[in-house]
Amino acid sequence: MPLVTSTQMFKDAQKGQYAIGAFNVNNMEIIQGIIEAAKQEKSPLILQVSAGARKYASPIYLKKLVEAAIEDSGLDIVLHLDHGEDFEICKACIDDGFSSVMIDGSKYPFEENIAVTKKVVEYAHAKGVVVEAELGKLAGIEDAVKVNEKDATFTDPDEAVEFVERTGVDSLAIAIGTSHGAYKFKGEPRLDFERLEKITKLLPNTPLVLHGASTVLPEFVKACNEFGGNIPGAQGVPEEMIRQAANLGVCKVNIDTDLRLAMTAAVRKFLIEHPEEFDPRKYLGPARDAIQKMVQHKIKNVLGSSNTLK
Ligand code: G3H
Ligand code: 13P
Ligand code: ZN
């Protein structure tokens with residue numbers, strides 16, 4: 001079973017008003033937990049690899065792990081580059097066999113974003129690979145990029161139309177108030193659904209992507225903190241808001257922070273409760289189970305993609 005692109009997945013998701021989860025992967029336990037969840041829920045899925053993940057695990061290991069996951073599970077899987085910062089990293093991933101890449105030119109002015117996105121689209125499409133781009137700027141922290149709240153800008157609907165037309169991009173990440181990491185809102189959580197509706201109306205055939213979509217469930221923050229962690233004031237996007245976004249045309253939802261919290265909570269709990277243990281399998285096993293449980297919860301209760309596998 002080869003890797004697949006997200007083209008048909010997104011069409012089905014748009015029609016069915018659900019979203020496909022795009023989960024960040026960094027090691028074997030994370031990949032196995034996600035795959036088992038998708039298998040149990042009979043859900044399509046996207047595995048995404050950031051530049052930081054490529055550096056941590058080395059590209060060859062992640063690629064081989066994903067190939068093993070496909071062979072073992074028989075699932076159709078999209079392998080996606082998350083936040084490719086320039087043409088070179090997108091090209092490297094396309095040449096490595098990824099089926100989807102993101103060129104994140106959101107840090108550039110409009111015309112430069114268009115130019116770099118177009119260059120990636122031309123290279124990718126010639127090789128049957130699909131491309132996600134970003135217009136507007138999310139706040140928050142990733143490995144390579146840190147955007148202050150005051151520098152974040154929401155996506156302009158008219159610019160989005162021009163951007164899609166001129167680049168030929170396959171999907172578009174938009175900024176409507178989410179942000180990366182565990183600290184998403186200082187006050188009340190608020191997403192600009194009016195803006196989202198406008199963009200969907202103007203671009204009915206363009207799959208939209210929501211980054212920074214972790215819900216940061218208080219029980220996982222509490223579990224980390226109960227076992228020696230210190231993650232004060234974390235706040236995610238309420239689950240109902242993600243569901244509403246999926247109803248309004250978002251068909252790819254990016255989730256990383258929630259996996260980190262679930263995994264860390266499980267490891268912390270195990271080590272505190274079993275101070276005599278030092279076999280990594282003993283704490284990475286529960287961590288893998290925690291990832292699976294979290295991803296199944298997302299698929300079933302937040303994204304609505306259970307039982308949609310063709
Ligand atoms: O949005 C970015 C993801 O959370 C990846 O994070 O760059 O630390 O791997 P990373
Ligand atoms: P979170 O930090 O909300 O999980 O977002 C992840 C993301 O957008 C990856 O691209
Ligand atoms: Zn992101």
Side-chain angles (χ1 to χ4, degrees), residues 6 19-27 30-31 33-34 45-59 61-62 78-86 89-90 93 98 100-107 131-147 149 152 155 171-185 189 191 207-218 220-221 224 231 233-239 241-242 245-246 250-265 291 294-295 297-299 302-303:
S6 46
I20 312 287
F23 301 99
N24 286 73
V25 298
N26 295 280
N27 69 9
I30 296 175
I31 293 177
I34 297 168
L45 95 153
I46 297 171
L47 295 180
Q48 55 188 15
V49 170
S50 68
R54 269 167 69 81
K55 202 162 144 203
Y56 171 76
S58 103
Y61 278 85
L62 285 178
V78 176
L79 179 57
H80 175 75
L81 167 67
D82 192 27
H83 293 284
E85 64 167 352
D86 52 31
I89 189 167
C90 292
C93 288
F98 279 48
S100 176
V101 293
M102 174 188 191
I103 171 69
D104 182 356
S106 60
K107 58 185 173 296
V131 181
E132 171 187 328
E134 179 165 325
L135 189 63
K137 225 183 263 173
L138 267 69
I141 303 167
E142 295 149 41
D143 237 15
V145 198
K146 183 171 176 188
V147 180
E149 240 172 290
T155 307
S171 60
L172 185 68
I174 50 161
I176 56 166
T178 59
S179 60
H180 291 105
Y183 309 96
K184 298 190 188 297
F185 300 99
L191 296 189
L208 301 178
V209 180
L210 197 62
H211 282 246
S214 278
T215 54
V216 190
L217 292 172
F220 287 91
V221 177
C224 284
I231 313 175
Q235 195 184 30
V237 187
E239 293 188 343
M241 289 194 179
I242 301 295
V250 164
C251 48
K252 174 173 179 271
V253 167
N254 282 16
I255 298 165
D256 187 4
T257 298
D258 281 339
L259 303 185
R260 295 177 179 194
L261 285 169
M263 194 166 193
T264 303
I291 295 266
M294 170 65 79
V295 174
H297 167 73
K298 294 278 175 194
I299 289 175
V302 185
L303 307 168

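Start at 1 and go down the list; that is how both ligands and their atoms are numbered.
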From CA spacing to verdict: side-chain hydrogen bond (donor to acceptor under 3.5 Å, both in side chains), His83, Glu132
CA-CA 9 Å; His83 293 284; Glu132 171 187 328; over 6 Å; no

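Looking only at distances, no side-chain donor or acceptor of Asp82 sits under 3.5 Å from a matching main-chain atom of Gln48. No side-chain donor-acceptor contact under 3.5 Å links Thr155 to the backbone of Ile174. Under the 3.5 Å distance criterion, the side-chain polar atoms of Lys252 are left unmatched by any main-chain donor or acceptor of Ser171. Under the 3.5 Å distance criterion, the side-chain polar atoms of Asp86 are matched with a main-chain donor or acceptor of Ile89. No donor-acceptor pair closer than 3.5 Å links the side chain of Thr178 to the backbone N or O of Ala213.
Atoms of ligand 1 lying under 4.0 Å from at least one heavy atom of Asp82, given by number and element, are 1 (O), 2 (C), 3 (C). Taking a cut-off of under 4.0 Å to the non-hydrogen atoms of Asn24, the atoms of ligand 1 that pass are 3 (C), 5 (C). Shown in contact with Ser50 at under 4.0 Å from a heavy atom are these atoms of ligand 1, numbered in order with element: 5 (C), 7 (O), 9 (O), 10 (P). Ligand 1 places these atoms under 4.0 Å from at least one heavy atom of His83: 1 (O), 2 (C). If you number the atoms of ligand 1 from 1 as listed, the ones under 4.0 Å from a heavy atom of His180 come out as 1 (O).
Lys184 approaches Gly236 most closely through the heavy-atom pair CD-CA, 3.9 Å. When all heavy atoms are compared, the tightest approach of Gly212 to Val237 is O-CG2, 3.7 Å. Smallest separation of non-hydrogen atoms from His180 and Leu138: CE1-CD2, 3.7 Å.
Under the 3.5 Å distance criterion, with hydrogens and angles disregarded, a donor-acceptor pair is assigned to the side chains of His297 and Glu239. Side-chain contact check for Thr215 and Lys298: at least one donor-acceptor pair (N or O, by modelled atom type) lies under 3.5 Å.
In Lys55, neither the side chain nor the backbone holds a heavy atom less than 4.0 Å from any atom of ligand 1.
Distances shorter than 4.0 angstrom do not occur between any heavy atom of Met102 and any atom of ligand 1.
At a 4.0 Å heavy-atom cut-off, the residues surrounding ligand 2 are Asn24, Gln48, Asp82, His83, His180, Gly181, Lys184, His211, Gly212, Ala213, Ser214, Asn254, Ile255, Asp256, Thr257, listed by chain and number.
As for His83, its N/O/S atom nearest the Zn ion (ligand 3) is the one called NE2. Nearest N/O/S atom of His211 relative to the Zn ion (ligand 3): this is ND1. The N, O or S atom of His180 with the smallest distance to the Zn ion (ligand 3) is NE2.
Proximity annotation for atom 4 (O) of ligand 1: of Asp256, Leu259, Asn26, Asp256 comes nearest, heavy atoms only.
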